[in-house]
Amino acid sequence: MNGVRIVGTGSYKPKNVVKNDDFKKIIETSDEWIRTRTGITERHMSSGEATFFMGAEAAKDAIAEAGIAPSEIGLIIFSTVTPDYLTPSMACMVQREIGADGAMALDVNCGCTGFAYSFDMARRYLATDDDIKYALIIGAENLSKILDFEDRATCILFGDGAGAAIVSRADTMYAGFYGADGKGGSVLCAENFRPNNPFMDKDAVFDYGIHGGRKEGLLYQDGKEVYKFAVKIMPFVIEKACAKAGIAPTDLDLIIPHQANTRIIQTAAETLGLPMEKFHIVLDRFGNTSSASIPLAFDDAVKCGRVKRGDKVCFAGFGAGLTYGASVFEY
Ligand code: UT7
């Protein structure tokens, strides 16, 4: 029983929709530039909805779709780079909201690959612990709170939202290929508080080894470097996960790629020799929602009937860390 079955999916999108033209009020840009360079038309942005709240709403949607009771959930994994609190974890806050009493609850921070990593982790827990019947995995982000709205090459890319899935063990095909390259961390980073205790040597200088241009707490991205990484890694992880599963990328019915830039997805499709129709894209409506991007897109594919039971599906992600990975499974 080494496979997994996604028995329910859900999502939450903040009510506030920000269109490309809205950015003209704050930066020099155009709808045409954003659409042609990225594929994005609009994105949702929080008007105060917290990360845990969006995650809990997506979770409730997934639980209802799965037709299970929250008490049957034994594990909650919450992926985010924009938690509301450093502690408690977002997973614990969701547990409180949905009443999954006693479930294990933890957060993961793997950038935009986080939901796919969580899926792989959930599969491993389910495979080795019979006490866990259902795992709830969530990807939720409030990226708008860490965006630098003076950086026009970055702030137009991202959006807020959440996606979730309920996962159970199954006797089906599954393979995951995951990795990271911490040496690349400087190209996509956001710094947390620095130590500032009353006893510290204020003259001491400590090199954190992350050399992105920084504004405290705000997201920095070297778009060109991330782009170069992305176009190489996306086809690579899909090929690797398929090889582990003993299938060819052409055998996949549907790929849910991290939704960062349509041009990245097009290049991956060309490299793999696959038609774009194999990739489900919601980037135009939601922008890049980091951890939430894959579960939002997958929930969309489920709800619009794009994916059918028995289909071979691939989640393929890359992001801050740098992290990367893919899961191939039977829906
Ligand atoms: O989940 C995280 C993963 N992140 C990504 O995958 C992001 C990967 N990177 C990208 O998607 C692209 O690099 C961007 C969309 C961020 C930028 O696209 P680009 O084609 O690499 O543009 P560029 O940075 O080379 O900029 C081209 C021009 C520049 O003007 P000059 O120097 O040629 O005069 C920019 O200043 O476009 C300008 N520009 C803009 N113009 C209008 C940059 N941002 C904007 C903007 N509106 N918003």
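Remember, it's 1-based here, ligands and their atoms both numbered in the order they're listed. Residue numbers count from 1 along this sequence.
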Would you kindly say whether [X] and [Y] are connected by a side-chain donor-acceptor distance under 3.5 Å?
| X | Y | result |
| --- | --- | --- |
| Thr172 | Tyr331 | no |
| Tyr12 | Glu49 | yes |
| Thr289 | Glu141 | no |
| Ser186 | His211 | no |

Run the numbers for me: atoms of ligand 1, each under 4.0 Å from some heavy atom of [X], listed by number.
| X | result |
| --- | --- |
| Leu188 | 2 (C) |
| His258 | 1 (O) |
| Ala153 | 16 (C), 43 (C), 44 (N) |
| Phe318 | 3 (C), 6 (O) |
| Lys224 | 13 (O), 21 (O), 23 (P), 25 (O) |
| Asn288 | 1 (O), 2 (C), 3 (C) |
| Ile264 | 6 (O) |

Are any of the protein's heavy atoms under 4.0 angstrom from [atom], yes or no?
| atom | value |
| --- | --- |
| atom 2 (C) of ligand 1 | yes |
| atom 39 (N) of ligand 1 | yes |
| atom 31 (P) of ligand 1 | no |
| atom 20 (O) of ligand 1 | yes |
| atom 14 (C) of ligand 1 | no |

Under a 4.5 Å cut-off applied to non-hydrogen side-chain atoms, are [X] and [Y] in contact?
| X | Y | result |
| --- | --- | --- |
| Gln259 | Ile281 | yes |
| Arg123 | Phe329 | no |
| Thr80 | Phe52 | no |

Quick one: which of [options] has a heavy atom closest to [atom]?
| atom | options | answer |
| --- | --- | --- |
| atom 11 (O) of ligand 1 | Ile40, Asn261, Thr113 | Asn261 |
| atom 12 (C) of ligand 1 | Tyr227, Phe23, Phe158 | Tyr227 |
| atom 35 (C) of ligand 1 | Lys228, Arg37, Gln221, Arg152 | Arg152 |

So that I can tick it off, tell me whether Lys215 and Asp148 are bridged by a salt bridge, with the cut-off set at under 4.0 angstrom between side-chain N and carboxylate O.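 Yes, charged N to carboxylate O under 4.0 Å.
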
Hey, does the side chain of His258 reach the backbone of Gly317 with a donor-acceptor pair shorter than 3.5 angstrom? no

